Amino acid sequence: MSEERSLNFLEEIIEEDIKLGKHDGRVLTRFPPEPNGYLHIGHAKSICLNFGLGKKYHGKTNLRFDDTNPVTEEVEYVESIKNDIRWLGFQWDKELYTSDYFETLYGYAVTLIKKGFAYVDDSTADEIAASKGTPTEPGTPTPYRSRTVEENLALFEDMRAGKYPDGAKVLRAKIDLANPNMHMRDPLLYRIKHTHHHRTGDKWCIYPMYDFAHGQSDSIEQITHSVCTLEFIPHRELYNWLIAQLEIFPSKQYEFARLNMTYTVMSKRRLLQLVNEKHVEGWDDPRMPTISGLRRRGYTPASIRNFCDRIGVAKRENVIDVGLLEFCIREDLNKTAWRRMAVLDPIKLVITNYPEGQEEVLHGENNPEVEGGEGGRDIPFSRELWIEREDFMENAPKKFFRLGPGLSVRLKHAYIVTCEDFVKDADGNVTEVHCSYVANSKSGEDTSGMKVKGTIHWVSVGHAKTATVRIYDRLFSVENPMATDGDFKSTLNPDSLQIIEKAYIEPDLAGAELGKGYQFIRKGYFTLDTTSGADHLVFNQTVGLRDTWAKEVKKG
RNA sequence: UGCCCGAUAGUAUAAUGGUAGUACAACUGAUUUUGGUUCAGUUUGUCUAGGUUCGAAUCCUGGUCGGGCAACCA
């Protein structure tokens, strides 16, 4: 631990604050999701950041649901969000809801009205938009801007009492219609929505806007460092203005660049679209960049935390290569996944000089990366085996270290075999490969002195179990689906899911556990799908192994 | 056209006036009973023009490029 890791800009700010004795050195952050969708890998970045900051500086982190818009929010989302955060390995200090502060927020609004800093406006949405002017032209006041404090107080009370229909009136801050920052041109504070809220039920028919809820909630909780994404930068002036007028705890807002990743989209709105239009199975489809999707795909919490650590935190717009995420999960699984053999695209291999009916039990370690191999399992061996179709070539090039007429390979954990013949069907497809084995070449007791370049995996025909295996590829076929001219969905990768109905797996895999990662030797990392059952195993591919041979072939 | 934010290898991210470093990617080689892993090595970078300074990625000025801002969304 000699290398001192450099600080990101937020850590620098916090360390400076601590040095200056701000808030007596206290650090309190928060993660503020709106319960209107599932969490994705971009949220994971924010979660790791906020909880990480809290932990690093001996502070705490609240989980606060930003539930000010009952139209889109649901309890289902609340539960999934809590589950995902826990699964990622973080524990919040307090579980809070902006809706818990509705009464306080209402009081704040009254305070603002009394100070002459807010008014009730009867204009329509279009009228208000027009009255705000444009970035280059100042706005103009609506006829309601000059209402008296008493009038505003009474009207606002009536709004709360439900005397007006949706959209009839809003409460606006009275700031500056000519401000170069559009967010300061009398922003909306409250709107009328006669909608059932997932927590407050029908108690309220007016709901605060983000700008009149977020900063105030931060302040109520005495959040010291309120970290959000770049698009809120222009809101910061308003955030500070409201806190100053209300004379409440001065939380401070800081902004960092959200995560973008190649070959996917990263907004709840678009992910919801993919779900609703059935381009994927659901929020937890293994191709989705959601936490639940990654979990079902076989990603581990550690690999995601590690990823968030490596991508860094800055204010520059960025697009992370999805290859880095894949590197992180391979790095983790290589050290932890138990090795097993599975043949996904089978052809039969017959060992012509191995006695019919003979069987033997071989041994394979669970994990060669660990001293002692973490134990092992028995692997039945016999005369007829399934091997991978791609491990045989009729006319093999020089660098093909697998089977072909006259070529020898090692069968993993077993014997060296030499190909002598093969059988084709009427269509010219190879159906069987005939080999002879070298009896004294058995793994662990090889006295043959033979050296072969290649080792291939296999499964005994008579002992094999079957499973459905799902192979996943990137959801989109272009790096940036949003950069396309038309609909981003036109760049969906039609081959993002390949289902192998009948793969042959070694018998031990029948006892595979949900949530555990396995390496199918030479193929990749796999995990049991949530829909898998004892009578019908279903595996999802988490990620393939690095494949330098495929690269070689591609190069020609 | 107003305001705001940003710009360092292909992608990210450090260097806080003093040797441009790290990770991923790419490439070469070694090892290997996984064409995996591991190990060794190579290639590639400060947007631009001025200025300040003994010295600038860093400070200043102008420009260029990218992003954001005019939801009764957050």
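Basis for what follows: all heavy atoms, side chains included, without hydrogens, waters or symmetry-related copies. Owing to the predicted nature of the structure, the values given are computational and were not obtained by experimental measurement. Residue numbers begin at 1 in each chain, while the letters A, B, ... track the order of the sequences.
Distance CZ (A:Phe401) to P (B:U33): 14 Å, rounded to an integer number of Å. Regarding A:Asn179, its CG atom lies at a distance of 12 Å from the C1' atom of B:C4, rounded to whole Å. Straight-line distance from the NZ atom of A:Lys453 to the C1' atom of B:U31: 11 Å, rounded to whole Å. If you take CG of A:Leu403 and P of B:G35, they are 12 Å apart, rounded to a whole angstrom. For the pair A:Lys45 NZ and B:A12 P, the computed distance is 11 Å after rounding to whole Å. One can place CG of A:Asn334 at 18 Å from P of B:U32, the figure rounded to the nearest angstrom.
A donor atom on one side chain and an acceptor atom on the other are not found under 3.5 Å apart for A:Asp446 and A:Ser441. A:Arg339 and A:Asn367 share a side-chain donor-acceptor pair at under 3.5 Å. With hydrogens and angles left out, the side-chain atoms of A:Thr418 and A:Ser408 include a donor and acceptor closer than 3.5 Å. No donor-acceptor contact under 3.5 angstrom links the side chains of A:Tyr239 and A:Gln253, judged on distance only.
Aromatic pair A:Tyr437/A:Tyr415: ring centres closer than 6.0 Å. Aromatic pair A:Phe520/A:Tyr525: centroids not less than 6.0 angstrom apart. With ring centers used as reference points, A:Tyr518 lies 6.0 Å or more from A:Trp338. For A:His197 and A:Phe102, the distance between ring centers is under 6.0 angstrom. Side-chain rings of A:Phe156 and A:Tyr190 approach one another, their centers coming within less than 6.0 Å. In this structure, A:Trp458 has its ring center under 6.0 Å from that of A:Phe381.
At most 12 heavy atoms of other shown residues, nucleotides or ligands fall within 6.0 angstrom of atom CD in A:Glu157. Taking a 6.0 Å sphere around NZ of A:Lys453, one finds it holds 12 or fewer heavy atoms contributed by other residues, nucleotides or ligands. Counting non-hydrogen atoms of neighbouring residues, nucleotides and ligands closer than 6.0 angstrom, the CD atom of A:Glu371 reaches no more than 12 such neighbours.
Straight-line distance between the C1' atoms of B:G51 and B:G6: roughly 23 Å, to the nearest whole Å. Separating the P atom of B:U58 from that of B:C47 is a span of 8 Å, rounded to the nearest Å. Separating the C1' atom of B:U31 from that of B:G10 is a span of 29 Å, rounded to the nearest Å. Nucleotides B:G67 and B:G29, compared at atom P, are 41 Å apart to the nearest Å. Of the P atoms belonging to B:U34 and B:U43, the separation is 31 Å, rounded to the nearest Å. If you take atom C1' in B:A20 and the same atom in B:U61, they sit 25 Å apart, rounded to whole Å. The same atom, C1', is picked in B:G2 and in B:G17; the two are 35 Å apart, to the nearest Å. Rounded to whole Å, the separation between the C1' atoms of B:C3 and B:A9 comes to 34 Å.
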For nucleotides 19-21 of chain B, tabulate all protein N/O to nucleotide N/O atom pairs closer than 3.5 Å, reporting atom names and distance.
none

N/O-N/O pairs, protein side and nucleotides 22-26 of chain B side, under 3.5 Å:
residue	atom	partner	partner atom	Å
B:A23	O2'	A:Arg310	NH1	2.9
B:A26	OP1	A:Lys551	NZ	2.6

Identify all pairs in which a protein N or O lies below 3.5 Å from an N or O of nucleotides 39-46 of chain B, and state each distance.
none

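Exactly one of A:Glu221, A:Lys252, A:Arg30 qualifies for a side-chain hydrogen bond (donor to acceptor under 3.5 Å, both in side chains) with A:Ser226. That residue is A:Arg30.
Here A:Tyr299 pairs with nothing under the ring pair (Phe, Tyr, Trp, His ring centres under 6.0 Å) rule; sequence neighbours left out.
The strand RNA chain B forms stems, runs of 3 or more Watson-Crick or G-U wobble pairs with distances below 3.5 Å, at B:2-7 with B:64-69, B:10-13 with B:21-24, B:26-30 with B:38-42, B:47-51 with B:59-63.
Residue contacts for A:Gly524: at a heavy-atom cut-off of 4.0 Å it reaches no nucleic acid atom on any strand shown. Heavy atoms of A:Glu137 sit nowhere under 4.0 angstrom from any nucleic acid atom. Among the atoms of the strands shown, none is found under 4.0 Å from any heavy atom of A:Phe65. Residue A:Val71 is out of contact with every strand shown, counting any heavy-atom pair closer than 4.0 Å. Within the nucleic acid shown, A:His413 comes within 4.0 Å of at least one base atom, counting heavy atoms only. Among the protein residues, A:Ile233 comes within range of the sugar-phosphate backbone only, with heavy atoms under 4.0 Å from sugar or phosphate atoms but none that close to a base. Contact annotation for A:Val452: no contact, since no heavy-atom pair falls under 4.0 Å across all strands. Counting non-hydrogen atoms under 4.0 angstrom, A:Arg185 reaches nothing in the nucleic acid.
Phosphate proximity of B:G35 to A:Arg402: absent, as no side-chain N or O sits under 4.0 Å from OP1 or OP2.
Contact between A:His198 and A:Asp67 at its shortest, heavy atoms only, is NE2-OD2, 3.1 Å. Of all the heavy atoms in A:His457 and A:Lys412, the pair that sits closest is CA-CB, 4.5 Å.
The residues A:Asp121 and A:Arg145 are annotated as not salt-bridged, no charged nitrogen and carboxylate oxygen being separated by less than 4.0 angstrom.
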B/S/- contact track for nucleotides 63-74 of chain B, protein heavy atom under 4.0 Å: ----S-SBSBSB
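Among the nucleotides B:G35, B:C4, B:U34, the one closest to the side chain of A:Asp547 is B:G35.
In this model, no side-chain donor or acceptor of A:Glu369 finds a partner on the base of B:U38 within 3.5 Å. Checked by distance alone, A:Arg410 brings a side-chain donor or acceptor within 3.5 Å of a matching partner on the base of B:U33.
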